[in-house]
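In the text below, chain A, chain B and the rest are named by the order of the sequence lines, each starting its count at 1.
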Amino acid sequence: MSQITLTLPDGSKRQYSSGITPKAVAIDISTSLGKKAISSTVNGSHWDLQWPIDSDSNIAINTVKDEQPALELVRHDLAHIMARAVQEIWPDVKVTIGPVIENGWYYDFDRRDPFTPEDLGIIEKKMKDIINLCDPVRTEVWDRSAAIAYYEKNNEPYKIELIEAIPGDEPLRMYWHGDWQDLCRGPHLQNTGQVPGDSWKLMSVAGAYWRGDSKRSMLQRIYGVAFKNKEDLRSHLNFLEEAAKRDHRKLGRAMNLFHLEEVAPGSVFWHPSGWCLFQNLISYMRRRQETAGYVEVNTPDIMDRALWETSGHWFNYMENMFLAQTHDDRDYALKPMNCPGHMMIYNENIRSYRDLPMKISEFGKVHRYEPSGALHGLLRVRSFTQDDAHIYCTPEQLTDECLKVNELILSIYKDFGFEDVHIKLSTRPENRIGSDESWDLSEAALKTALDRAGMSYTIFDGEGAFYGPKLEYVLRDAIKRDWQCGTLQVDYNLPERFGSTFVSASGEKLAPIMLHRALFGSLERFIGILIEEHAGKLPFWLAPRQVVVAAIVSDANEYCVEVVAALKAAGIRAEADLRNEKINYKVREHSVGKVPVILACGIREVEEKTVSVRRLGEKQTKVSPITDVVNALSKEAMPPDLV
RNA sequence: GCCGCAGUAGCUCAGUGGUAGAGCACACCCUUGGUAAGGGUGAGGCCGGGAGUUCGAUCCUCCCCUGCGGCACCA
């Protein structure tokens, strides 16, 4: 047998016979390492301890202290342990796949009866028994036909399908714990006892399509989370609780911003406070766009079928459109996008190259018949307002215009405190229209703009819209969740479908290129994100109710009204709370309602012309002269673009 | 759209095969209280909609609607 050289992380080299396993290497280094070892890293790949090494390699032995590989293994082994537990409890359940995901794992099962929440407890208990068995994990490489025969015998059709999808030259690995086995590419721990007993938890059951395909059978998925220790698990569960407290649907009710109801699924009833916030955002965006050279328009909500046929929506997106039934013989539809309307405005005049770039914006309300299961508070609705705009430009202007949109969008996100933004670039899909040349140009325009701006981005090959590539702007919020908001798309197609032209300097009629862009994306969605980002504690300039002036005793009522008047005169949204309630009660109520500033006034304040200032979330109060407070707050009320 | 769970007062939720209950919110009264719920009284419900089983359904069965958690989808 030939000799191979293995290089350890410290640079030392050791000679072994070809075919040595990392396990044997670990034992050779020290007996204790052999016991503690959980896996190895061979030439940068995560390896099982049992896989033979047959050439010179770099090798590192991993223990539970190596967090990344350890967590991956623990999660992966838990997936197997869970599948084994499920099959031991319900032998007729068929297994499918069980990958590691962020924070944990899931496993998809095919079972006639649904798993109940109580079942999760039963499964957890069984899993703990399996962990306590400390069953050694062993792996075998199987021949394809043997594996298929084995699964045919055991009536595991999903596994057979998986094997058939694995390329012929890849080894088929079978992993065993005790008498239970699973087809798996590994790696795995040495024995089930290496899984910590108390740092994981089964979370939920949900339906999931086999192979993610909605045409195939619905399986039952059990999700679990696992961490390196109990503290990490606890902090993850805390995180979930914190995230739940930020839920914009709950806060939207507490802050009396909006509600949703059965008569209009997926459409928002904006209350006065919510609509105030909505309008604040629009005012802000209007100023920013005006400065950036946009002109605002408004186009019809309901337009004739002919328009949607020209745009391509009628045949491609009919299922997602709201149609309007009328008493004449015409077919109408509610607009799902603003672009066709903007095409009509562009085409209404003969355009010169001197008019370009032409930037048409609209706070247009669009309706899309989203699948019922997709609806989610403000984040996924059926009617929403886009801060939409279309930029018509010449090919020469294209890159520059992309760059400008990118700058504008980042500057706007910054004003809202979102500085951690990443970009997805989706390139030409298989199913597309337009020439390869135009795709080359539009993809290059987006890339060049990003490169010039020094932005990093992730490319999603083949994920672009059928008419052009797109950028998507993803914000990371205060608790590290990602939200997709803005978009920038290059489109050679719509101008062509609508026969749009401009007259060039040499008098030729040429087709303009069109950019689709939205910065907030959907106002509804952006408000949902803002609420969750700030846990309801909106920045002062955005808060719909900025100040409540609360009387401590009724003798201060008159003074409170004066204070409110002074605040209003300074442009601050203020109201008086003169109700016959204790100050404790008022403070609590307005804190729950996320009012940023409470000014409490009693006899002392009346006499001294002061107010007692209490900021949301702070226990301390500060008594200041009324004029100082008005001045300070009116400064704070200034939108960031006007500061 | 698919799988599962749920729908009872404005909100959060309890409950039973014999047509309903709590807390908060609301109204009125007492209370003028110094920074996250003072006390009392009262009003408030087609128990999501429809059909069936039953002497009788909020409760059991079926269909539909809506919501929630996922999956799929997101031009």
In whole Å, what separates the P atom of B:G50 from that of B:A57? 13 Å
Contacts of A:F460 meeting ring pair (Phe, Tyr, Trp, His ring centres under 6.0 Å) (sequence neighbours excluded), chain-then-number -> none
Specify the separation, in whole Å, of atom CZ of A:R253 and atom C1' of B:G10. 10 Å
Interatomic distance where CD1 belongs to A:I222 and P belongs to B:C71 [whole Å]: 15 Å
Determine, for A:E589 against A:K586, whether the closest basic-nitrogen to carboxylate-oxygen distance falls under 4.0 angstrom. no
Does A:R75 make a cation-pi contact with A:F227, if we ask for NZ or CZ under 6.0 Å from the ring centre and within 45° of the axis? yes
Just to be sure I understand the rule, does A:Y223 reach a base, reach only the sugar-phosphate, or reach nothing, if contact means heavy atoms closer than 4.0 Å? sugar-phosphate
Between B:G70 and A:Y209, counting only base atoms on the nucleotide and side-chain atoms on the residue, is there a donor-acceptor pair under 3.5 Å? no
State whether A:R211 places a side-chain N or O below 4.0 Å from either non-bridging phosphate oxygen (OP1 or OP2) of B:C71. no
So A:H590, base contact, sugar-phosphate only, or nothing? Heavy-atom distance under 4.0 Å. nothing
Can you confirm whether more than 12 heavy atoms, excluding those of A:M203, are under 6.0 Å from its CE atom? yes
Distance, P atom - from B:C5 to B:C73, rounded to whole angstrom: 24 Å
Looking for any heavy atom pair under 4.0 Å, which part of the strands does A:R525 touch: base, sugar-phosphate only, or nothing? nothing
Does the distance from a Lys or Arg side-chain N to an Asp or Glu carboxylate O, for A:E401 and A:R517, drop under 4.0 Å? no
For A:W210 and B:A72, what is the distance between atoms CH2 and C1' respectively, to the nearest whole Å? 16 Å
Determine the Euclidean distance between corresponding P atoms of B:A51 and B:C59; express it in Å to zero decimal places. 13 Å
Are A:R211 and A:D213 ion-paired here, with the side-chain N under 4.0 Å from a carboxylate O? no
I want to confirm an ordering. Mapping A:P114 and A:G373 to their closest nucleotides on RNA chain B, which one lands closer to the 5' end? A:G373
For A:E161 and A:W210, test the side chains for any donor-to-acceptor distance below 3.5 angstrom and give the result as yes or no. yes
If we take the P atom in both B:G23 and B:C62, what is their distance in whole Å? 36 Å
Which stems, defined as runs of 3 or more consecutive Watson-Crick or G-U wobble pairs with both pairing distances under 3.5 Å, involve RNA chain B? B:1-7 with B:65-71, B:10-13 with B:21-24, B:26-30 with B:38-42, B:48-52 with B:60-64
Are any of the side-chain nitrogens in A:K335 or A:D388 under 4.0 Å away from the carboxylate oxygens of its partner? no
Mind checking the P distance from B:U16 to B:G7? Whole angstroms is fine. 13 Å
For A:K480, is there an ion pair with A:E102 - N to carboxylate O distance below 4.0 angstrom? no
Which part of the nucleic acid, if any, lies within reach of A:A208 when heavy atoms closer than 4.0 Å are counted: base, sugar-phosphate only, or nothing? sugar-phosphate
Just do the salt bridge (Lys or Arg N to Asp or Glu O under 4.0 Å) check on A:E309 and A:R305 with the steps written out, would you? CA-CA 6 Å; A:E309 285 184 2; A:R305 162 181 187 155; 2.5 Å; yes
How long is the line joining OH of A:Y106 and P of B:G70, in whole Å? 14 Å
Starting at CZ of A:R382 and ending at C1' of B:G1, how long is that distance when rounded to a whole Å? 10 Å
How long is the span from the CD1 atom in A:I513 to the CG atom in A:L494, to the nearest 0.5 Å? 13.5 Å
Taking the same atom, C1', in B:C24 and in B:G42, what whole-Å distance lies between them? 16 Å
Would you give a per-nucleotide map of nucleotides 32-39 of chain B, 5' to 3', where B means the base has a protein non-hydrogen atom under 4.0 Å away, S means only the sugar-phosphate does, and - means neither? BBBBBBS-
Within a 6.0 Å radius of atom CD on A:E636, are there more than 12 heavy atoms belonging to other residues, nucleotides or ligands? yes
Nearest whole Å is fine: how far is B:C3 C1' from A:D113 CG? 14 Å
Protein heavy-atom contacts under 4.0 Å, written 5' to 3' over nucleotides 60-65 of chain B as B (base), S (sugar-phosphate only) or - (none), form the string -----S
Test of ring centre spacing under 6.0 Å for A:F278 and A:F258: no
Spacing of the P atoms in B:U53 and B:G70 (rounded, Å): 40 Å
How long is the line joining CG of A:N256 and P of B:A25, in whole Å? 15 Å
Nearest 0.5 Å, what's the NZ-CG distance between A:K201 and A:L78? 13.5 Å
Of all residues at least two apart in sequence or in a different chain, which pass the side chain to side chain donor-acceptor pair (under 3.5 Å) check with A:T427? A:D461
Mind checking the C1' distance from B:U58 to B:U19? Whole angstroms is fine. 8 Å
Between the protein and nucleotides 73-75 of chain B, which nitrogen or oxygen pairs come in under 3.5 angstrom?
| from | atom 1 | to | atom 2 | distance (Å) |
| --- | --- | --- | --- | --- |
| B:C73 | O2 | A:R380 | NH2 | 2.8 |
| B:C73 | N3 | A:R380 | NH1 | 3.0 |
| B:C74 | O4' | A:R380 | NH2 | 3.4 |
| B:C74 | O2 | A:R380 | NH1 | 3.3 |
| B:A75 | O3' | A:Y467 | OH | 3.2 |
| B:A75 | O2' | A:Y317 | OH | 3.4 |
| B:A75 | N6 | A:R368 | NE | 3.2 |

Under 4.5 Å between any side-chain heavy atoms of A:R545 and A:M255, yes or no? no
Grab the CG-P distance between A:L240 and B:G69 for me, whole Å please. 13 Å
